[in-house]
Amino acid sequence: MSNSTSDNTNTFLSDTVRYAVHGNVAVITLDNPPVNGLGDTVRAGIYAGIERAGDDARINAVVLIGAGKGFSGGADIRQFNTPAANAQPTLRAVIARIEASGKPVIAAIHGFALGGGLELALGCHYRIAQSATRLGLPEVSLGLIPGGGGTQRLPRLVGAATALSMIQGGKPVDAQAAQAIGLVDALAQGDLLDEALTFARSCAAKATHPVIGRRSVDAKGLDFNGARTHIRAKARNALAQGVAIDCVEAATRLPFEAGLDEERRQFDALVDGDVSKSLRHLFFAEKEAPRIAGAHRGKQAGIDIQRIGILGAGTMGGGIAMACANAGFPVVLCEREQAALDRGLARMRKNYEITAAKGKLSQDDIEQRLGLITPSLDLNDFADMDLVIEAVFEDIAVKKDVFRQLDAVCKWDAILATNTSRLNIDEIAASIGRPESVIGLHFFSPANVMKLLEVVRGAKTRPDVIAASMDIAQRIGKIPVLVGVCEGFVGNRMLTGYWREAGFLLEEGASPQQVDGALTRFGMAMGPLAMADLAGMDINWATRKRLAPTRPAHLRYSKVADRICERGRFGQKTGAGYYRYEAGSRTPLPDPIVDEIIQACAREAGIARREITDEEIVERCMLALVNEGAQIIDEGIVQRASDIDVIYVNGYGFPATRGGPMFYAQTLGLETTLKKISDLRSKHDEHWKPAPLLERLVAKGAKTF
Ligand code: T1G
């Protein structure tokens with residue numbers, strides 16, 4: 001007979017926590033969708049439930065269980081830096097109340113117990129988990145450490161070495177692994193509540209119940225300083241990793257309560273810091289980015305993409321084919337000639353072999369993935385494709401011709417996508433009879449690695465084509481951001497001002513290595529000039545020449561990049577650009593030839609070179625990004641400001657620890673940002689005309705875009 005029959009005491013302890021009595025066991029249910037975040041009402045409800053069970057003589061055990069898809073996803077991240085986060089009872093107080101309960105409290109875990117959710121479970125006397133459960137302390141990914149006792153309890157339960165690995169790495173373990181290390185006491189095979197009630201009754205029969213806080217820590221063989229040296233300095237969570245090590249070390253030398261105090265002190269410093277605020281901003285921004293504003297949440301009916309065709313087996317086409325194959329999608333990869341196809345296939349195999357050499361892929365994996373890619377020399381093989389992505393030469397005439405051929409070959413409801421990085425999607429769409437089926441899928445090189453995908457909606461692109469494109473992007477492991485048509489879409493459009501300022505700073509006195517050094521010290525993965533060399537300077541040179549007739553004559557223009565290109569120096573691909581490169585090396589080396597070009601341009605422009613500070617380099621390059629970003633938001637090219645942050649962090653090496661260009665401006669303060677831009681306008685020229693949106697926001701005292 002099921003022993004989970006409830007009697008009539010099923011009541012709400014708070015808006016988000018329910019209480020029920022099953023025979024002699026009280027059941028406290030967390031019911032705070034979507035992930036049972038441990039917000040203030042959840043904490044208050046649990047506390048009240050433990051009190052009530054303690055006062056009820058009928059009760060001799062308590063089960064704590066989560067409603068919905070998991071036990072608890074941890075503290076309510078949205079409440080951090082608000083009064084609610086520290087509203088009583090705090091998580092520490094709730095856990096202390098559980099530990100003080102004379103009646104055993106059993107955490108019944110399904111789905112996930114993460115962050116504070118696992119800390120809550122660690123405060124319980126016992127833990128039972130369903131097999132398909134993830135248990136972990138991922139706080140470092142948010143620039144935090146466990147702040148609910150995890151750095152003190154986990155080492156006492158599973159040993160300091162295992163605890164340090166889980167906390168510093170932030171990776172969850174499954175229930176079987178959790179049981180193996182002693183993190184859970186039992187696994188539930190059937191109905192979790194039923195088995196938890198039975199388990200609770202067996203626990204209640206024991207004379208005493210384990211309280212983790214009373215245990216000592218086994219720190220044998222742990223080298224905390226060694227762990228510190230292994231932190232990758234550029235890692236977005238490097239700061240939090242270091243603090244996590246400090247707190248686990250504190251667990252090995254401080255009394256328990258003092259260890260909790262030290263953890264709290266360190267947590268409070270991190271949660272108030274800009275790094276964690278930036279990472280938490282990105283956590284939500286990356287979840288929001290793939291959503292189409294105003295569209296119904298969840299899986300939408302409509303175009304179901306199963307078969308993908310890719311035209312062009314070059315670097316981009318091959319990378320896109322690998323991304324699709326990596327996600328298990330069959331791909332038809334078409335080229336005009338066998339040699340190009342063979343080169344593409346060989347490049348893909350080589351890329352996979354490199355990954356395999358690092359132990360991340362087996363030979364079988366490689367064959368399985370390459371087996372999903374069907375080479376073709378016949379465009380008619382695209383006849384049944386649900387989605388065709390062209391990645392041919394970046395020239396509008398070539399693209400239009402390709403689309404005319406696809407229009408003739410592909411089934412009527414196929415989505416026809418271009419991988420162009422900046423050509424006008426509307427112009428391409430207008431060249432065929434079904435513009436509503438045309439969309440831009442701007443992958444970033446290497447397409448099998450970079451997560452960002454700019455999904456460019458044309459003026460006539462159908463909503464279901466957009467929805468299907470955003471969906472397939474996620475299914476192949478990308479973070480799609482929906483953008484509108486403009487010169488350079490979002491990422492590349494913002495680069496224009498960024499590179500403009502870099503060029504001006506060179507003429508005014510900085511060297512390429514100083515410009516790049518200042519920005520990499522700021523946190524950029526790569527400086528703008530080294531990035532230009534990597535991307536290939538010829539592409540932007542062609543764009544500047546195409547746009548030259550439209551360039552306002554009264555605005556300053558740096559000729560440095562053009563002069564470098566005129567010498568056939570296109571960057572790494574030619575062995576020289578802003579820097580020179582030894583044969584076979586990608587290391588940028590200062591080149592006196594470029595210094596001479598810069599000095600000649602400065603002389604021509606009548607610029608007296610001067611000492612340039614890193615601070616000026618960072619300010620001008622960053623604010624150029626921000627000002628253009630504000631204009632992009634104002635034009636509706638993006639759905640939301642945070643989409644720009646997602647684009648720059650995931651596609652352009654912007655430091656996640658600063659949250660993206662727009663979040664960085666918010667951290668500076670919009671008023672300060674506007675003042676700095678206005679000052680630059682007075683010093684330089686109309687390039688620095690503040691974006692009207694920024695002026696409007698500051699005028700009304702807004703703190704965010
Ligand atoms: N707080 C607030 N909102 C959260 C949240 C959280 N902890 N976790 C998820 N959400 C939102 C998410 O933004 C989305 O919202 C919705 O819930 C569904 O999420 C004190 C300090 C739990 C595995 O880092 O890993 O505890 O966009 O789509 O795929 O020591 O969410 O729908 O409006 O991801 O089923 C530590 C983060 C917090 C876990 C569920 N915890 N979350 O995945 O759903 S800090 C975490 C996740 C902490 C303590 C410390 C996943 C999930 P919306 P979803 P899912």
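Sequential numbering from 1 along the given sequence is applied to the chain's residues. Read the numbers this way: they start at 1 and go in the same order the structure lists the ligands and their atoms. Since we're looking at a predicted model, the values are computed, not measured.
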Q.
With heavy-atom distances below 4.0 Å as the criterion, list the atoms of ligand 1 near F284.
A. 3 (N), 13 (O)
Q | Ion pair check, E99 and R153, cut-off under 4.0 Å | A | yes
Q. Do any nitrogen or oxygen atoms of F80 come within less than 3.5 Å of a nitrogen or oxygen of ligand 1?
A. no
Q: Check whether any side-chain heavy atom of V105 lies under 4.5 Å from a side-chain heavy atom of I50, and answer yes or no.
A: yes
Q. Would you call Q168 and V140 a side-chain contact if the rule is heavy atoms closer than 4.5 Å?
A. no
Q) Which value, rounded to the nearest 0.5 Å, describes the distance between R92 atom CZ and I95 atom CD1? A) 10.0 Å
Q. Do any N or O atoms from the side chain of K703 and from the backbone of L670 form a donor-acceptor pair under 3.5 angstrom?
A. no
Q) Quick one: does P34 get within less than 4.0 Å of ligand 1, heavy atoms only? A) yes
Q) At under 4.0 Å between heavy atoms, which part of L142 makes contact with ligand 1: side chain, backbone, both or neither? A) side chain
(Q) With a 4.5 Å cut-off on side-chain heavy atoms, are C124 and I106 touching? (A) no
**Q.** I145-ligand 1 polar pair, N/O distance under 3.5 Å
**A.** no
Q.
Heavy atoms only: which of G115, G148, P146, G73 lies closest to atom 41 (N) of ligand 1?
A. G73
Q) Under 4.0 Å from ligand 1, counting heavy atoms only, is it the side chain of P138, its backbone, both or neither? A) side chain
Q | Interatomic spacing from CG in L452 to CG in N650 - rounded to 0.5 Å | A | 6.0 Å
Q: Using distance alone, with no hydrogens and no angle criterion, decide if D304 and Q306 have a side-chain donor and acceptor under 3.5 Å apart.
A: yes
**Q.** Under 4.0 Å to a heavy atom of G74 - the qualifying atoms of ligand 1, by number
**A.** 26 (O)
**Q.** E119 N/O under 3.5 Å from ligand 1 N/O
**A.** yes
Q | Region of D76 engaging ligand 1 - heavy atom pairs below 4.0 Å | A | both
Q: With heavy atoms of K69 as the reference, note each atom of ligand 1 found under 4.0 Å away.
A: 35 (O), 44 (O), 55 (P)
Q | Ligand-side contact atoms (ligand 1) for residue partner A75, heavy atom cut-off under 4.0 Å | A | 1 (N), 6 (C), 7 (N), 20 (C), 26 (O), 38 (C), 48 (C)
Q) Evaluating non-hydrogen atoms only, which member of K287, R280, R291, R134 is closest to atom 54 (P) of ligand 1? A) K287
(Q) Working to the nearest 0.5 angstrom, can you tell me the gap between K478 NZ and I320 CD1? (A) 8.5 Å
Q) Under 4.0 Å from any heavy atom of L114, which atoms of ligand 1 are there? A) 23 (C), 25 (O)
**Q.** Numbered atoms and elements of ligand 1 in range of F267, under 4.0 angstrom, heavy atoms
**A.** 21 (C)
Q. Has G147 got any heavy atom lying under 4.0 angstrom from an atom of ligand 1?
A. yes
(Q) Can you tell me how the ring of Y652 sits relative to the ring of F444, calling it parallel under 30°, perpendicular over 60° and tilted otherwise? (A) perpendicular
